[in-house]
Number of protein chains: 2
Amino acid sequence: MKLSARVEYGVRAMSVLALHDRSGPLSLREISRSEDISFQFLEQIFLDLRRAGLVSSVRGARGGYYLSHPPERINVGDIVRALEGPITPVNCLAHSDGKESRCHRSEACRTRHVWEKLRDRINEVLDSVSLDELIGPKPDRLVKQAGS
Amino acid sequence: MKLSARVEYGVRAMSVLALHDRSGPLSLREISRSEDISFQFLEQIFLDLRRAGLVSSVRGARGGYYLSHPPERINVGDIVRALEGPITPVNCLAHSDGKESRCHRSEACRTRHVWEKLRDRINEVLDSVSLDELIGPKPDRLVKQAGS
DNA sequence: CTATATCCGACTAATCCACTCGGGATTATA
DNA sequence: TATAATCCCGAGTGGATTAGTCGGATATAG
């Protein structure tokens, strides 16, 4: 029940982009340094993030990446799914071809329901956190909830 | 974000034990056959389940395993944790020594909160399903909810 | 033209996982 | 008592996955 380093790095890197939103592209070299993540590994990760439409790139000198959408519209679930594919706690839940792939063992479906529930809850949690929230409470929000 | 085959097999095997609750020990050979799981692999799994106190064993001929507690008091979370250890979606959440292991990167804790939330929700879901419920709705329960 | 970037397929090393092996200990039953 | 059935257990193995690297192509600012 672990997420990959790709996801952990991806989320951290994306949170950096969120912090610098609307201030031009940020190069992977910088993110790599500030977050202490292998530059070449980050490259692989960002290829997938771009293909998923979460970030956009500017090539060439002074290029880099920036968020394709405002931080409040990108959530952790998007990043996880972009980097690991759909969340399937057990193999029998993976339906690569779009069909409802029933396990060949009919009675195996005794347990199917739990795994579906688990999958849905995981997605809910991940989808409930936006980059916006990730980079910390905004000042006004802080005032509101931590009034005393 | 996957569970191991150990867990999948373990839950299925435990559900078989639940079905035969209070009718003497069930041998791994039988479970192995009925659930089509490698016998020797099942042995490994049940060693851990026993060490976790979820099942008890009877050695020797006509021996086997039985649930240490009534099915409604054993939940899927118990089984998962017995077979995979504590649930830690990312490494920085693992505190092997009992201390609060902060990531050495202080700002990494920007993301820590999400992973903690995720971990807690996963545990909640897994803990909310007992073996009892897993082996299917009891007749009377079925009547109640599927009245029409 | 050069330096700085992204882009990308292929490769490698390490780790993990599913499963096996070979035996030892225990006990019902013939 | 002999035998077979069963749990017990440390150690190994082969394949898959993952984390990370490499080499080079392409694009662009200055």
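All heavy atoms count here, side chains included; hydrogens, waters and symmetry mates do not. A note on names: the letters A, B, ... follow the listed sequences, proteins ahead of strands, and every chain is numbered from 1.
- The side chain of A:R62 approaches D:dA29 more closely than any other nucleotide in the set D:dA4, D:dG10, D:dA29.
- The OH atom of B:Y65 sits 12 Å away from the P atom of D:dT6 (whole-angstrom rounding).
- Straight-line distance from the CD atom of B:E43 to the C1' atom of C:dG22: 12 Å, rounded to whole Å.
- In this structure, the CG atom of A:L28 is 14 Å from the P atom of D:dT21, given to the nearest Å.
- Contact annotation: side chain of B:Q44 to base of C:dC19, donor-acceptor pair absent below 3.5 Å.
- Using bins of under 30°, 30° to 60° and over 60° for the plane-to-plane angle, the ring pair A:F41/A:Y9 lands in the perpendicular bin.
- Here the side chains of A:M1 and B:P89 are not in contact, with every heavy-atom distance at 4.5 Å or above.
- The interatomic distance linking A:L49 (CG) with C:dC8 (P) rounds to 14 Å, in whole Å.
- You'll find a donor-acceptor pair under 3.5 Å spanning the side chain of A:R59 and the base of D:dT26, going by distance alone.
- With sequence neighbours left out, the salt bridge (Lys or Arg N to Asp or Glu O under 4.0 Å) criterion links B:D78 to B:R81.
- One interatomic measurement links the two molecules: CZ of B:F39 to C1' of D:dA5, which rounds to 10 Å at whole-angstrom precision.
- As rounded to whole Å, 13 Å separates atom P of C:dT6 from atom OH of A:Y66.
- Using a 4.0 Å cut-off between charged nitrogen and carboxylate oxygen, B:E124 and B:R119 do not count as a salt-bridge pair.
- Judged by distance alone, with hydrogens and angles left aside, A:Q40 brings no side-chain donor or acceptor close enough to the base of D:dC22 to form a pair under 3.5 Å.
- For the pair B:I37/B:R12, a side-chain contact is recorded, criterion being any heavy-atom separation below 4.5 Å from C-beta on.
- Nearer to the 5' terminus of DNA chain C, by closest-nucleotide assignment, is the contact made by A:G63 (compared with the other of A:G63 and A:R50).
- Taking atom CZ on A:F46 and atom P on C:dC7, their separation rounds to 11 Å, with Å as the unit.
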If you restrict it to nitrogen or oxygen atoms, what contacts under 3.5 Å exist between nucleotides 11-18 of chain C and the protein, and what is each distance?
| from | atom 1 | to | atom 2 | distance (Å) |
| --- | --- | --- | --- | --- |
| C:dA18 | OP1 | B:A5 | N | 2.7 |

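- Listed candidates were D:dT6, C:dA28, D:dG10. Nearest to the side chain of B:S27 is D:dT6.
- Following rounding to the nearest Å, A:L47 (CG) and D:dA25 (C1') show an atom-to-atom distance of 13 Å.
- Test B:V80, B:V76, B:V129, B:L3 against A:L118 for side chain to side chain contact (heavy atoms under 4.5 Å, CB included) and you get one pass: B:L3.
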